[in-house]
Amino acid sequence: MLTINNVLMPNGTRQTITRKYNKEMTLDGSDLLALPGLIDPHVHFRVPGMEDKEDWQHASKAALRGGYTMVFDMPNTKPATTTKERLQNKIERINQQLAEVDLPLRYQLFFGADKNQFHEIAKVKDEIVGIKVFMGASTGDLLMDDESSLHAIYALAKAYNLVIALHAEDELIIRENASKYANETDFKYHSIIRAPQAATKAVDLVIQLSELYGVTSYILHVSTFGELNLVREAKLRGVPVYVETCPHYLFLDDSMYPELNGRGKMNPPLRSLADQEVLWQALTDGTIDTIGSDHAPHKLDEKEQPLCKCPSGVPGIETTLPLLISAWQADKISLLRIVELLHANPKKIFNLPENDDLVLVDIVNTQVLRDEQMATKCKWTPFVGRELTGFPRYVYINQRLIDCRSL
Ligand code: DOR
Ligand code: ZN
């Protein structure tokens with residue numbers, strides 16, 4: 001039996017908690033906070049095809065060090081996960097990579113929507129956590145921006161009772177702006193090209209489709225005031241839409257491009273401080289349901305290229321919890337809300353089974369984030385230099401106790 005004494009619970013009480021274990025072990029929980037195993041509904045662990053950026057040997061360590069015991073991986077790999085055969089190949093590779101490091105990370109996979117491969121969905125419907133639709137192009141070649149294909153995928157999701165996760169940015173608006181600003185080199189133009197209107201226009205369409213088909217939409221990485229207004233109103237009408245935001249929209253903004261350059265380039269892009277304030281309000285009032293890290297590693301030398309060549313995406317799975325725990329210590333968010341966002345809501349939306357995973361978080365010691373200290377294969381973080389508290393000390397999963405300092 002594993003016993004943790006006097007540990008802080010999210011409701012503010014101190015308790016003794018126990019777990020099944022292969023020997024008698026007692027931990028002093030005085031400096032620790034106990035959380036359920038965190039769920040990251042949005043990661044890009046890059047297998048297959050982009051293992052130079054990330055692989056599951058590194059990403060599993062990064063996930064566990066970040067307090068996550070379950071991740072949902074995205075299909076924009078090489079090749080994209082759009083057929084049963086590719087899905088099975090991906091599962092085999094992931095299992096092989098996890099076995100190599102002997103780490104017990106739980107995972108689920110999104111299946112990529114590709115209008116030429118719709119017939120594959122029937123074959124995989126019981127093996128996937130949902131369908132991912134890119135309404136705007138991003139890393140990889142997945143794109144489905146025509147309305148008739150969007151109607152077709154919603155009809156399929158209805159028939160098979162699947163959730164649709166959406167990258168909701170309007171491709172046409174982005175393309176028009178991209179040609180208008182094609183000669184600009186300042187990274188701030190990334191936010192101007194992928195304008196807030198591109199996101200609101202796409203979210204508006206998602207809400208219409210969800211309502212029409214009665215299909216659950218999970219809107220990924222919401223970042224603007226306008227999207228939240230649309231979603232708030234849709235939720236009031238009972239439309240089945242859920243909303244994710246990401247740590248970079250909560251802790252970085254578009255005034256930071258001069259220091260961040262390519263480290264601040266992701267899709268959707270960084271937004272204004274005014275948008276960020278509204279995101280924090282929406283976190284508290286329940287409009288936002290989850291926080292996904294959108295862990296999207298690219299190599300630092302790729303990110304140091306000029307705007308037109310720099311790929312979009314930032315790593316985040318090992319810094320999300322410390323950022324939020326530090327925000328709790330600054331009275332910006334409650335622990336109960338953190339548990340809803342990082343555990344209870346993703347579990348509910350995606351109908352996951354119970355487990356007894358546990359994360360024991362050090363809430364006393366602080367650390368300054370350094371690129372070299374990151375477990376992700378890409379070895380950098382857009383939050384470099386921040387002094388944070390709230391790094392996990394132990395993770396309990398599958399009757400194993402993992403000391404995060406050993407990872
Ligand atoms: O910034 C992003 N990076 N946004 C995406 O939609 C994809 C992701 C990636 O895979 O690199
Ligand atoms: Zn993503």
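What you see below is based on every heavy atom in this structure, not just the backbone, and it leaves out hydrogens, waters and symmetry mates. Order of listing sets the numbers, starting from 1, for every ligand and every atom in it.
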Exercise. Identify, by name, the N, O or S atom of H42 lying closest to the Zn ion (ligand 2).
Key: NE2
Quiz item: Honestly, is K303 close enough over W380, meaning NZ or CZ under 6.0 Å from the six-membered ring centre and within 45° of the axis?
Solution: no
Quiz item: Where the side chain of Y68 meets the backbone of R106, is there a donor-acceptor pair that is under 3.5 Å apart?
Solution: no
Self-check item: Q97 side chain to I94 backbone, donor-acceptor under 3.5 Å
Solution: no
Exercise. Consider only side-chain N and O atoms of E244 and Y218, and report whether a donor and an acceptor are under 3.5 Å apart.
Key: yes
Quiz item: Have S223 and R271 got a donor and an acceptor in their side chains that come within less than 3.5 Å?
Solution: yes
Exercise. Report the distance from atom CD of E227 to atom OG1 of T287, rounding to the nearest 0.5 Å.
Key: 12.5 Å
Quiz item: Which angle, to the nearest 10 degrees, do you find at the Zn ion (ligand 2) between NE2 in H44 and OD1 in D294?
Solution: 90°
Quiz item: Do you see an N/O/S atom of H221, backbone or side chain, under 2.8 Å from the Zn ion (ligand 2)?
Solution: no
Quiz prompt | N/O/S atom of H167 inside 2.8 Å of the Zn ion (ligand 2), strictly under | solution = no
Exercise. State which residue, out of K78, K299, K377, R93, fulfils the salt bridge (Lys or Arg N to Asp or Glu O under 4.0 Å) condition with E51.
Key: R93
Quiz item: Parallel under 30°, tilted from 30 to 60°, perpendicular over 60°: which one fits the rings of H42 and H221?
Solution: tilted
Quiz item: Who are the residue neighbours of ligand 1 when the rule is a heavy atom under 4.0 Å from any of its atoms?
Solution: H44, R46, N76, F134, S138, T139, H167, M266, N267, A296, H298, S312, G313
